[in-house]
2 protein chains.
Amino acid sequence: MPKPTIDDVARLAGVSPKTVSRVVNREPNVRAATRERVQQAIAELSYHPNQFARNLASHRSRLIALIYDDPSAYEVPSSGYILRLQQGTLKACRDASYELLIHPCRYNSRQVVDELRTLIAQVRPAGIILAAPLSNMPKIVASIEASGTPLVRLSPGSEIPGHRVVATNDREISAEMTRYLASLGHHRIAFIKGHRQHKAVGLRYLGYLDGLRGAGLERADELVVAGDNSVGSGERCAEQLLQLPHPPTAIFAANDDMAAGVLRVAARNEVKVPEELSVAGCDDISLARQIHPMLTTIRQPLVTMAERAAWSIIDGAVDDGPGGGMEIVAGTIQYRESTGPAPD
Amino acid sequence: MPKPTIDDVARLAGVSPKTVSRVVNREPNVRAATRERVQQAIAELSYHPNQFARNLASHRSRLIALIYDDPSAYEVPSSGYILRLQQGTLKACRDASYELLIHPCRYNSRQVVDELRTLIAQVRPAGIILAAPLSNMPKIVASIEASGTPLVRLSPGSEIPGHRVVATNDREISAEMTRYLASLGHHRIAFIKGHRQHKAVGLRYLGYLDGLRGAGLERADELVVAGDNSVGSGERCAEQLLQLPHPPTAIFAANDDMAAGVLRVAARNEVKVPEELSVAGCDDISLARQIHPMLTTIRQPLVTMAERAAWSIIDGAVDDGPGGGMEIVAGTIQYRESTGPAPD
DNA sequence: GTCAATACTGACAGCGCTGTCAGCCAGCGG
DNA sequence: CCGCTGGCTGACAGCGCTGTCAGTATTGAC
C-alpha cells in the first residue's frame with residue numbers, strides 16, 4: 001500500500017489539501033472544528049508529510065547543521081563535549097521534526113572556508129550551530145554569515161554585538177561555587193586562574209572575586225595563582241599553595257584538568273580530600289567522575305545550550321537584532337566527593 | 001542572484017535538462033563530448049543539484065541513518081565509540097554526497113520500535129546503519145527489516161545469515177596479540193575472559209587459544225579466569241592471578257576496562273608494568289591512552305567498519321543475498337607502554 | 001438592517017528534478 | 001535498397017507539498 005499523501009487526508013476530511021497543510025504546519029486561521037477533523041483524518045491514515053516535498057515547495061530545509069571542531073584530529077577526543085552538543089540539538093530537532101546534520105571540521109585546515117561554502121550550497125540548512133572553539137574564529141564566522149544562512153554561535157563567554165550567541169553564566173556560577181565553599185566553613189579559598197587567552201576562564205576569576213565578596217571574605221593575593229589550563233600547571237599551582245605558611249583549605253580551579261592536578265598533588269602529599277582540603281573544578285569533563293575522589297565541579301549546560309540554539313533557528317529568532325542576540329543558560333554545580341566542611 | 005538550476009546548465013551546454021541529469025548521476029549513454037560540455041557548464045555556473053528536488057523526484061533520499069544506543073543514558077558515555085562510528089559514516093557520506101542522520105535511542109525503552117518506525121516513515125532514509133549493541137537485538141532488527149529499508153548491522157563478532165553485517169576479525173587479532181606477547185619472551189600468558197553473553201568477547205578467547213598454539217605454548221587452566229567486563233572484575237581476576245604460586249608474566253584481558261583493573265592491582269601491589277608484568281587489553285577505549293602506563297590494546301577498526309557499512313548502502317549492496325552478506329574489517333594492535341620483554 | 005473588516009478556505013501554479021517513453025541517427029545484415 | 005538493432009537524446013508529466021491570491025463566510029460597528 002502506498003503512503004498516504006496530503007490529498008488522501010484532504011479527501012477523507014472533506015477539505016482542501018491546503019487546509020491540511022495549514023493544520024500540519026500549525027498555521028493560524030483554521031476553525032477549531034476543521035482542525036479537529038483534519039487531525040482525525042491524519043491519525044486515521046497515520047499520515048506523515050513528505051519532508052522532501054515540503055522542503056522543495058517551501059524553499060526551506062528542516063535541517064540544522066551542527067559544526068564543530070573535528071575531535072578525531074586530536075589524540076584525546078573531547079568527546080563528551082560533542083556528544084552533549086549533539087544531544088541537545090537532537091532534542092530540539094526531534095520535537096520540531098527537524099533533522100540534524102553533523103559536520104566536524106578541522107579549524108586549522110586550509111580549506112575550511114571552501115568546505116563550509118560547499119556544505120551550505122549543497123544542503124542549504126535552515127541554520128547553522130557553530131560550536132566553540134570554531135565559534136570564536138572570525139574567518140569561519142564571516143564565511144557563514146556571507147552566505148546568509150542563520151547562524152547561532154555556541155560560545156561560553158564571548159560575545160559579538162549583533163550576532164546570535166548562546167552562552168553560559170560562567171561568572172555567576174563561579175561566584176556561587178565560591179559562596180558554596182565559604183558556606184562549608186572555608187575562609188581561605190584559593191583560586192587557580194586559567195590560560196589568559198581563554199575568555200570564559202577569565203570570567204570565572206571575576207566570579208570567584210564576586211563570590212568572596214558575597215561571602216564577606218577578604219581576597220588574599222597569595223591565594224590566587226595562575227595556571228595554563230593543563231593538569232601539570234594545576235600540580236605546580238597546588239604545590240605552591242600547599243607550601244604557604246597558612247595554606248588554603250579549599251582550592252577552586254578554573255577548569256577540571258587543573259583541579260585534577262591539585263588532586264594528584266594532594267594524594268602525593270597525603271593530604272586528605274575532602275577532610276583536609278576541598279577541591280572544586282569547572283567543566284565537568286568525564287574525567288571528573290572517573291577520578292577519586294570524584295570532583296565537585298561546574299557543569300556547563302551544554303545540552304541545554306545546544307537545544308536553545310537549535311530552537312532559535314527553528315523559531316527563526318536568529319536575526320533578532322541587537323540586544324536579543326545573546327542568550328544565557330545557567331550552569332549547575334555538581335556536588336561530589338572532593339568538597340566538604342572545612343577542617344577545624 | 002538565484003542559484004543556478006538544471007535548466008540553466010542545460011541552456012548553457014545546449015542540451016536538454018535530462019541530459020544534464022544523466023551526467024550528474026553518472027548514467028551511461030551519454031556521448032563523451034556531450035558529457036564534457038555539460039561538465040564545463042556545471043563548473044562554469046558552479047551548479048549544485050537541489051537535493052530536495054532530487055529526492056522528491058526519485059523517491060530515494062540520500063540520507064543514511066546511523067542508529068546507536070543513546071550514550072547519555074549512562075553515567076560514563078562510551079563516546080569514543082560513537083564518535084568513531086560517526087566519523088567513518090561521515091567520510092563515506094561526504095565522498096558520495098550523502099547526508100548523515102544520527103539517531104541515538106535507548107535500547108531498553110519501550111517505544112524504541114515505534115520510534116524507529118516513525119523515523120523511517122518521516123525521513124525514508126536510503127539505508128540504516130545499526131551499531132552494536134542494538135545490532136544484536138532481534139526486536140529492533142526485525143522492526144527495521146519489516147519496513148524494507150536497507151539495513152547494515154555493525155556487529156563485532158555476530159552474524160545472521162542473509163543479513164548484511166560488517167564485523168571485525170576479533171579472533172584473528174586476539175591470536176596475533178597473544179603471539180606478540182609470546183614473541184616478547186612471555187611463556188605464562190594469562191587471559192581474562194569477558195562476560196559470557198558478549199559474543200565478540202568470546203571470540204577473543206578462542207583467538208587467545210589460537211595464539212598460544214601458534215606460539216607453541218601450552219594452555220594452563222589456572223591462567224584463564226573469567227571476569228564480567230567491568231574494571232572491578234579485572235581487579236579481582238588480577239589478584240587471583242598474581243597470587244598464583246607461579247604467576248603469569250603477561251595478562252591479556254578481553255576488554256580495556258578489565259585491563260585497567262589489572263593495572264590498578266599492579267600499582268597497589270607495586271608490581272612494575274611492563275618490567276615485571278605485561279598487560280594488554282582490547283577495544284582501545286579513550287581511557288587506554290589516559291592511564292599510566294598507556295595500555296597496549298587492540299583497536300577495533302570502527303571508523304573503517306562504519307565507512308564500509310555506509311558504502312554498502314550507497315552502492316545498494318545491502319541485499320547481496322547470502323554469502324556476500326558479511327564483511328570483515330581487520331583490527332590493529334596499538335603497541336603502547338604496558339607491554340614489554342618478559343622478566344628473566 | 002447595511003457595510004466594512006476580518007476569519008476562514010480553496011484553486012492553482014509551480015518548487016527543481018527524474019522516470020518513462022518516444023524519436024533520432026548510425027551501422028549493419030539481408 | 002529496406003528494415004532493424006542499439007546508442008544517444010529530449011519532451012513531458014509528475015513527485016507531494018506550499019505560496020499566492022481570490023473567493024466566501026462570519027463578525028462587529030453603526
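Excluded from the calculations below are hydrogen atoms, water molecules and symmetry mates; all remaining heavy atoms, backbone and side chain alike, are included. Proteins come first, then strands; the chains are lettered A, B, ... in the order of their sequence lines, and each starts at number 1.
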Please assess Arg164(B) against Glu327(B) for the test salt bridge (Lys or Arg N to Asp or Glu O under 4.0 Å), listing each intermediate value before the final yes or no. CA-CA 8 Å; Arg164(B) 178 78 183 176; Glu327(B) 176 168 352; 3.0 Å; yes
Between Gln86(A) and Gln86(B), is a side chain to side chain donor-acceptor pair (under 3.5 Å) present by the stated rule, with each step listed? CA-CA 12 Å; Gln86(A) 291 182 355; Gln86(B) 291 181 355; 2.9 Å; yes
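Protein atom CZ of Arg54(B) is 16 Å distant from nucleotide atom C1' of dC15(C), rounded to whole Å. Taking atom CG on Leu56(B) and atom P on dT18(D), their separation rounds to 12 Å, with Å as the unit. Going from atom CG of Asn50(A) over to atom P of dC17(D) covers 6 Å, rounded to whole Å. What separates NE2 of His59(B) from P of dG16(C) is a distance of 18 Å, to the nearest Å. Summarising the geometry, the separation between CD on Gln51(A) and P on dC15(D) is reported as 19 Å, rounded to the nearest angstrom. Per the geometry, CG belonging to Asn29(B) stands 14 Å off C1' belonging to dC24(C), to the nearest Å. The nearest whole Å value for the distance from the CG atom in Asn55(A) to the C1' atom in dG19(D) is 15 Å. One atom, CZ of Phe52(A), and another, P of dC15(C), lie 20 Å apart when rounded to the nearest Å.
When the side-chain nitrogen and oxygen atoms of Ser58(B) are compared with OP1 and OP2 of dC17(C), none of them lie within a distance under 4.0 Å. OP1 or OP2 of dT18(C) lies within a sub-4.0 Å distance of a side-chain N or O belonging to Ser21(B). Contact annotation: Thr19(A) does not reach the phosphate of dT9(C) (side-chain N/O to OP1 or OP2, under 4.0 Å).
Comparing dG16(D), dC17(C), dG19(C) by their nearest atom to the side chain of Thr5(A) picks out dG16(D). For Ala53(B), taking side-chain heavy atoms from C-beta onward, the closest of the listed nucleotides dG19(C), dT9(D), dG16(C) is dG16(C).
Side-chain atoms of Ser58(A) come within 3.5 Å of backbone atoms of Arg54(A) as a donor-acceptor pair (strictly under, hydrogens ignored). Side-chain atoms of Asn169(B) come within 3.5 Å of backbone atoms of Gly331(B) as a donor-acceptor pair (strictly under, hydrogens ignored). No donor-acceptor pair under 3.5 Å is formed between the side chain of Thr168(B) and the backbone N or O of Gln300(B).
Each of Ala57(B) and Lys18(B) has a nearest nucleotide on DNA chain D; the 5'-most of these lies closest to Lys18(B). For Arg124(B) and Arg31(B), each mapped to the nucleotide of DNA chain D holding its nearest heavy atom, the one lying further toward the 5' end belongs to Arg31(B).
Leu101(A) pairs in a side-chain contact (heavy atoms from CB on, under 4.5 Å) with only one of the listed residues (Ile128(A), Thr89(A), Ile67(A), Leu119(A)), which is Leu119(A).
In the helix from dG1(C)-dC30(D) to dG30(C)-dC1(D), the rotation axis of the first five pairs and that of the last five pairs differ in direction by 40°, rounded to 10 degrees.
Put simply, the side chain of Arg22(B) and the base of dG19(C) share no donor and acceptor less than 3.5 Å apart.
Within the nucleic acid shown, Pro28(A) has no heavy atom closer than 4.0 Å to any nucleic acid atom.
Annotation: the span from Leu66(A) atom CG to Ile102(B) atom CD1 amounts to 7.5 Å, rounded to 0.5 Å.
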